[in-house]
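Reviewing the structure listed below.
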2 protein chains.
Amino acid sequence: MTETVPRPTLEAVAARAGVSRATVSRVVNGSDGVREPLAERVRRAVEELGYVPNQAARSLVTKRHDAIAVIVAEPETRVFADPFFARQLRGISKELTTHDNQLVLLLTEDRDDHVRVGHYLAGGHVDGALVFSLHIDDPLPELIQRAGLPTVFGGRPDWSGGRGGVVYVDSDNRGGARDAVRHLLGLGRSRIAHITGALDQTSAVDRLDGFRDVMVDADPRLVVEGDFTPAGGEWAMRELLDRCPDLDAVFAANDLTAAGALRVLREHGRRVPDDVAVVGFDDMLPIAEQTEPPLTTVRQDIEEMGRLMARLLLRDLDRTTAADENVGGTPSSVILPTTLIRRASA
Amino acid sequence: MTETVPRPTLEAVAARAGVSRATVSRVVNGSDGVREPLAERVRRAVEELGYVPNQAARSLVTKRHDAIAVIVAEPETRVFADPFFARQLRGISKELTTHDNQLVLLLTEDRDDHVRVGHYLAGGHVDGALVFSLHIDDPLPELIQRAGLPTVFGGRPDWSGGRGGVVYVDSDNRGGARDAVRHLLGLGRSRIAHITGALDQTSAVDRLDGFRDVMVDADPRLVVEGDFTPAGGEWAMRELLDRCPDLDAVFAANDLTAAGALRVLREHGRRVPDDVAVVGFDDMLPIAEQTEPPLTTVRQDIEEMGRLMARLLLRDLDRTTAADENVGGTPSSVILPTTLIRRASA
DNA sequence: GTGAAAGCGCTAACAG
DNA sequence: CTGTTAGCGCTTTCAC
């Protein structure tokens, strides 16, 4: 079945149009300098034969692949429990599609995978890489640097080390956290607690910093470490209630954590937001809308993050390829703004 | 920056090992017939030079790409709101990685995208395709058939048309639905309602069929159409409460729908499960665990689905390539079992 | 068993 | 402007 009919080559098209391969190549690649009557003949031949260029042959000579790798390093599987991942991919995909680039997805789980990925990248199959979910001391950046591949990171990488040139796209975690806490303050709350995320991720650290920016001399007992999961949120909330029964607000590092906290508050008979106001982070749907009460939270534009990462990378590739002078300078990181979404919990 | 050091070629390795390119090629590709002393020399040279084969050059001659496309057609963006997608990808990724294949991700949104994807597939960049989320009358299968690419579908495709040879992997939606309803029956419920999913997807149709298998002559008013969303669930639940105030159980086509139904039930003062028992479908975390009360639901092994799809496809490719006789026959579809997960809602 | 040579399909100088 | 001519890096007969 599925008998593989040999696809037509440039040669075939050239023969049919009565021109040389070079001419067909020119037309196909949109390079000007082919007179209309000829060009038209070629286009018809292409159409009639259903010709599609062989990417392998093309890459072999151009050293371009029009493909970029998206690497998601998530040993903890957490990413897969939430819809983030899909959103970012969508943003990336849209941007790449627009520029006729392919998306090669590389998912890693353990150390072995990192070696494999490093090998793959070193193999020069892709023109660049987009990297996600780095945790502290992840070996991946090192491998990528070594492969010498243009790269853009999703989320601020931790290792400040690097040769200065790290480009990343991130949400304004710190600013968003500040907004959340100020909102709580504006509601007249004063005993505001914070349940952090997993502190081996910069997003968690940045949100904590934002909290501290506003609550300069907060009671240290009002900060307890969570891990971005509902279970972590529950545990932390109990701890908080135990330590500081008088708290009147909670800023959770993400919506999942907030959902856990909400449950514990209800269990303890605290009314939300009357007794305790709660603010989350992410605006992760459908979680944020499904909680009881619906969650006030800080929204980040995930899809836009993805799109921007791709755009930055492609721009860099163009510069590199065109060698058109260093016009435009090296690309730099981007921090996307967040928005406070008011629902019922605060 | 990032000065592109030309990577070593087969030629270089051959020179270094003092053998011919052909010999290096043999060693690299694990083809036997190279004597140990030589093979070892070659391996060392490869190691020292950090040689990695150029895939483009290889594909050019082998016509193999060791890459498969994963196509997610989801005009409605629904997929992106849930964690399914990521899970399936993970399963696929694992399997492909094991067999040294790359995953090229193609996301489509509208008609234009379909054309683009069709073109890409026809371009012979990948060896096969894995296709998801088909809705009725989706033009994609047609395009893929035309491209003559080995394909495995995720979820039972609707169009029974096709040349008989459609291979797909799906959960036992119908059987799972039967289990759910029987469970409700076992609880002593008799006025069991069903909120369907979007009926332009086979999974929704199959679940409805399962419901009917058990509730052979159910009151037709007990079935109302939903759309797999929480909002749809809310609307449907209100409708049901209005039509049949005496219902004592609800089987929702998925967890999101169930979450919406739960909210409306609470709003109407119906206690769950005491007054009305509720069962969902998917075991979509963290939704199912977060609802109030936690949801009894039918779990499907999403990741396994992905893994299986990839396995089926790769097997097919091997057969096709090896041309080793038609041993093993054409691959056939697989239906994965589901499991009822008991929590508090029923 | 190992090497030599012939392309795979395409682009990019270079002529004309 | 258009055609001719080299390869890109690799696998694969085919001799030795």
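Quick caveat, the model's predicted, so the values are computed rather than measured. Reminder, nothing fancy here: chain letters follow the sequence lines and each chain counts from 1.
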**OP:** Could you go through the salt bridge (Lys or Arg N to Asp or Glu O under 4.0 Å) check for A/Arg307 and A/Glu95 one step at a time?
**Re:** CA-CA 6 Å; A/Arg307 202 187 338 254; A/Glu95 189 68 23; 5.1 Å; no
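- With salt bridges taken as basic N to acidic carboxylate O contacts below 4.0 Å, none links A/Arg44 and A/Glu47.
- Within the structure, every side-chain polar atom (N or O) of A/Lys63 is placed at least 4.0 Å from both OP1 and OP2 of C/dT11.
- Following rounding to the nearest Å, A/Leu38 (CG) and D/dC1 (C1') show an atom-to-atom distance of 9 Å.
- One interatomic measurement links the two molecules: CZ of A/Arg41 to C1' of D/dT2, which rounds to 12 Å at whole-angstrom precision.
- Considering only side-chain atoms of A/Arg35, the nucleotide from C/dC10, C/dA4, D/dT2 that sits closest is D/dT2.
- Checking B/Asn101 against B/Arg64 by side-chain atom types alone, no donor-acceptor pair falls below 3.5 Å.
- Look at CD on A/Gln55: it is 14 Å from C1' on D/dC8, rounded to the nearest Å.
- In this structure, CD of A/Glu36 is placed 15 Å from C1' of D/dT2, rounded to the nearest angstrom.
- In this entry the distance linking CG of A/Asn29 with C1' of C/dA12 reads 11 Å, nearest Å.
- Side-chain nitrogen and oxygen atoms of B/Thr62 include none within less than 4.0 Å of the OP1 or OP2 phosphate oxygen of D/dT11.
- One donor-acceptor pair, N or O on each side, does fall under 3.5 Å between the base of C/dG3 and the side chain of B/Arg26.
- For the pair A/Asn54 and C/dC8, the criterion of a side-chain N or O lying under 4.0 Å from OP1 or OP2 is not met.
- For the pair B/Arg58 and D/dT11, the criterion of a side-chain N or O lying under 4.0 Å from OP1 or OP2 is met.
- Contact annotation: B/Ser20 side-chain N/O to C/dG3 OP1/OP2 distance is under 4.0 Å.
- For the pair B/Arg64 CZ and D/dG9 C1', the interatomic distance rounds to 20 Å; values are reported in whole Å.
- For B/Arg21, taking side-chain heavy atoms from C-beta onward, the closest of the listed nucleotides D/dT2, D/dG7, C/dA6 is C/dA6.
- Closest to the side chain of A/Ala22, out of C/dC10, C/dA12, D/dC10, is C/dA12.
- Looking at B/Arg21 and B/Glu11, their side chains come closer than 4.5 Å, going by heavy atoms from C-beta outward.
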**OP:** Determine, step by step, whether B/Arg87 and B/Glu303 satisfy the salt bridge (Lys or Arg N to Asp or Glu O under 4.0 Å) criterion, reporting the C-alpha distance in whole Å, the side-chain angles of both residues, the deciding distance to 0.1 Å, and the verdict.
**Re:** CA-CA 5 Å; B/Arg87 285 259 173 68; B/Glu303 189 169 327; 5.1 Å; no
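- Nearest-nucleotide positions on DNA chain C for B/Val61 and B/Val34 put B/Val34 closer to the 5' end.
- In this structure, of D/dG3, C/dA4, C/dC8, it is C/dC8 that holds the atom nearest to the side chain of B/Leu60.
- Distance B/Asp32 CG to C/dT2 P: 11 Å, rounded to the nearest Å.
- Across the protein-nucleic acid pair, A/His65 atom NE2 and C/dC10 atom P stand 17 Å apart, rounded to whole Å.
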